[in-house]
2 protein chains.
Amino acid sequence: MLHEEVVGRIRAILLDGEIPPGARIPERELCERLEISRTPLREALKVLAAEGLVQLLPHRGSRAAKLTDKDMRDLFEVCQGLEALAGELACERITDAEIDAIATAHAAMVQHYRDGDLIQYYRGNRAIHEAIVTAAGNPVLAGLYTSVTARIRRARYVTPMTPQRWAFAVKEHEAILNALQRRDGVGLAHILRAHLRHKREEVLQAGFAETEGGDLTLRIA
Amino acid sequence: MLHEEVVGRIRAILLDGEIPPGARIPERELCERLEISRTPLREALKVLAAEGLVQLLPHRGSRAAKLTDKDMRDLFEVCQGLEALAGELACERITDAEIDAIATAHAAMVQHYRDGDLIQYYRGNRAIHEAIVTAAGNPVLAGLYTSVTARIRRARYVTPMTPQRWAFAVKEHEAILNALQRRDGVGLAHILRAHLRHKREEVLQAGFAETEGGDLTLRIA
DNA sequence: TTTTGCATTTTTGAATGCAAAATTTGGAAT
DNA sequence: ATTCCAAATTTTGCATTCAAAAATGCAAAA
């Protein structure tokens with residue numbers, strides 16, 4: 001198994017919440033499970049620590065990183081900046097085909113909204129944001145975005161989605177698609193920022209309780 | 001020696017250009033020099049690879065990362081976004097004392113400009129930008145900024161600084177300080193973006209020739 | 001019953017050793 | 001002289017091993 005693959009698999013374990021935030025990472029167990037020895041495992045853990053997903057305590061092992069409210073706020077702030085930048089760049093560089101693909105994804109997402117399928121809605125939502133970042137054509141930006149969103153998602157916050165908020169989010173997405181189609185970079189940046197600011201407010205207001213055995217289910221309040 | 005220290009020392013070696021971009025990283029030599037064995041060294045190299053300073057080639061060792069023009073462009077673009085964000089946040093959060101400190105640093109930098117001391121000027125310049133990022137009060141942002149600027153600086157580009165360009169850069173810095181003092185976040189963001197865009201154009205135009213034994217001296221054309 | 005000090009066990013962090021892969025070297029054939 | 005191929009050497013990647021640090025458990029004392 002290649003180094004990058006080891007990193008990827010542990011990252012997945014963390015993102016899936018299989019090892020909850022704050023929990024110790026059992027080296028021996030992971031070694032057995034991944035069928036590797038401690039050396040490559042530890043190399044991977046150090047990389048993930050640099051990414052912010054793992055916390056290394058000298059001589060006291062590693063833990064799955066636990067985010068504070070402040071961390072969460074900071075991450076959202078950066079994410080806003082990255083998405084706004086991506087939106088501006090995307091408007092300069094996106095192809096018609098890419099716009100069409102996003103429009104299709106948008107329509108599918110709206111259908112999930114109408115169906116009341118929150119999980120599929122979130123999935124589609126994410127795909128759209130990622131498509132915009134990809135369309136920006138900047139791998140450095142894409143890398144940072146992936147890393148930051150992973151850390152946010154890692155904090156398995158569960159905001160109770162209200163019908164009003166949901167409806168509003170969909171409206172915002174209409175505006176996002178519209179700005180993209182008009183290739184209005186500045187406008188898109190503004191909308192994306194506002195969109196994320198709202199999301200952040202919801203999340204922080206809900207307290208995104210990062211508890212050990214926290215439940216993962218998406219709720220509709 | 002602690003893990004973080006090993007990473008730091010190797011990073012310094014790379015940033016100093018002691019191992020030039022594209023050159024192989026001699027594991028054995030570095031081990032002897034840092035007086036550590038290969039295990040911790042390799043852990044550090046993997047972390048630096050995740051940061052983008054080192055390139056790992058499976059079964060073929062590691063090299064100091066070499067940036068293409070595209071990489072450089074991407075890094076500058078992201079840097080612009082990060083600084084703009086930092087500027088906006090800084091205007092919301094900066095204290096009077098911090099503004100005073102930056103004003104002092106600015107004055108010192110202008111004096112270096114008048115003295116024609118390019119090295120000191122660059123040093124002061126960097127300090128100001130870093131102070132703005134710090135004033136944003138967002139460690140996540142600060143971390144990304146550090147990492148991105150390190151990679152840019154790593155590409156020891158040497159733009160021949162012309163008197164006109166230098167004078168213009170100083171003018172821009174006056175505007176930066178002014179916007180900060182007025183706490184005009186949007187304005188500051190714009191200025192910072194333009195400032196970096198100009199810098200990028202200079203660098204890319206100069207070709208930032210990333211040659212093995214490239215000279216490190218700062219020039220005034 | 002709770003707390004403190006010490007011995008034991010476990011776990012971490014690093015060095016060494018070994019097998020596999022790649023590079024280099026040397027020689028032969030064209 | 002050049003090119004191609006095979007052997008030798010070097011280097012990589014990982015498993016194992018070893019020393020040190022921290023956690024645990026237990027007994028004795030308050």
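The figures here come from the full heavy-atom set of this structure, side chains too, leaving out hydrogens, waters and symmetry mates.
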With a 4.0 angstrom cut-off to heavy atoms of chain B, pull out the first and last contacting nucleotide of DNA chain C, in 5'-to-3' order.
C/dA14 to C/dT23

B/Lys46 or A/Pro58: which one's nearest nucleotide on DNA chain D is closer to the 5' end?
B/Lys46

Taking the basic N atoms (NZ, or NE/NH1/NH2) and the acidic carboxylate oxygens, is any pair closer than 4.0 Å for B/Glu51 and B/Arg151?
no

Between B/Arg28 and B/Glu32, is there a salt bridge with N-O shorter than 4.0 Å?
no

Test item: B/Leu57 and B/Arg63 side chains (from C-beta on) under 4.5 Å apart, heavy atoms
yes

Whole-Å gap separating C1' (D/dA22) and NE2 (A/His59):
9 Å

May I ask you to say whether B/Asp96 pairs ionically with B/Arg183, meaning some side-chain N is under 4.0 Å from a carboxylate O?
yes

What side-chain donor-acceptor pairs closer than 3.5 Å can you find for residues 75-88 of chain A, not counting sequence neighbours?
residue : atom : partner  : partner atom : Å
A/Glu77 : OE1  : B/Arg93  : NH1          : 3.3
A/Glu77 : OE1  : B/Asn138 : ND2          : 2.8
A/Glu77 : OE2  : B/Arg93  : NH2          : 2.4
A/Glu83 : OE1  : A/His129 : ND1          : 2.8
A/Glu83 : OE2  : A/His129 : ND1          : 3.4
A/Glu83 : OE2  : A/Tyr145 : OH           : 2.9

Could you run down the sub-3.5 Å N/O contacts of the protein with nucleotides 15-19 of chain D?
residue : atom : partner : partner atom : Å
D/dA15  : OP2  : A/Ser37 : N            : 2.6
D/dA15  : OP2  : A/Ser37 : OG           : 2.4
D/dA15  : N7   : A/Thr39 : OG1          : 3.2
D/dT16  : O4   : A/Thr39 : OG1          : 3.4

Evaluate the salt bridge (charged side-chain N to carboxylate O under 4.0 Å, His left out) criterion for residues A/Glu18 and A/Arg33: first the C-alpha distance (whole Å), next the side-chain angles of each, then the deciding distance (0.1 Å), finally the verdict.
CA-CA 13 Å; A/Glu18 209 172 319; A/Arg33 173 161 163 193; 2.6 Å; yes

May I have the step-by-step check of side-chain contact (heavy atoms from CB on, under 4.5 Å) for A/Met1 and A/Glu35, ending in yes or no?
CA-CA 9 Å; A/Met1 185 155 43; A/Glu35 295 176 303; over 6 Å; no

Watson-Crick or G-U counterpart of D/dA29, or none if no pair lies under 3.5 Å
C/dT2

Pairwise side-chain contact, B/Pro40 with B/His3, heavy-atom cut-off 4.5 Å (strictly under)
no

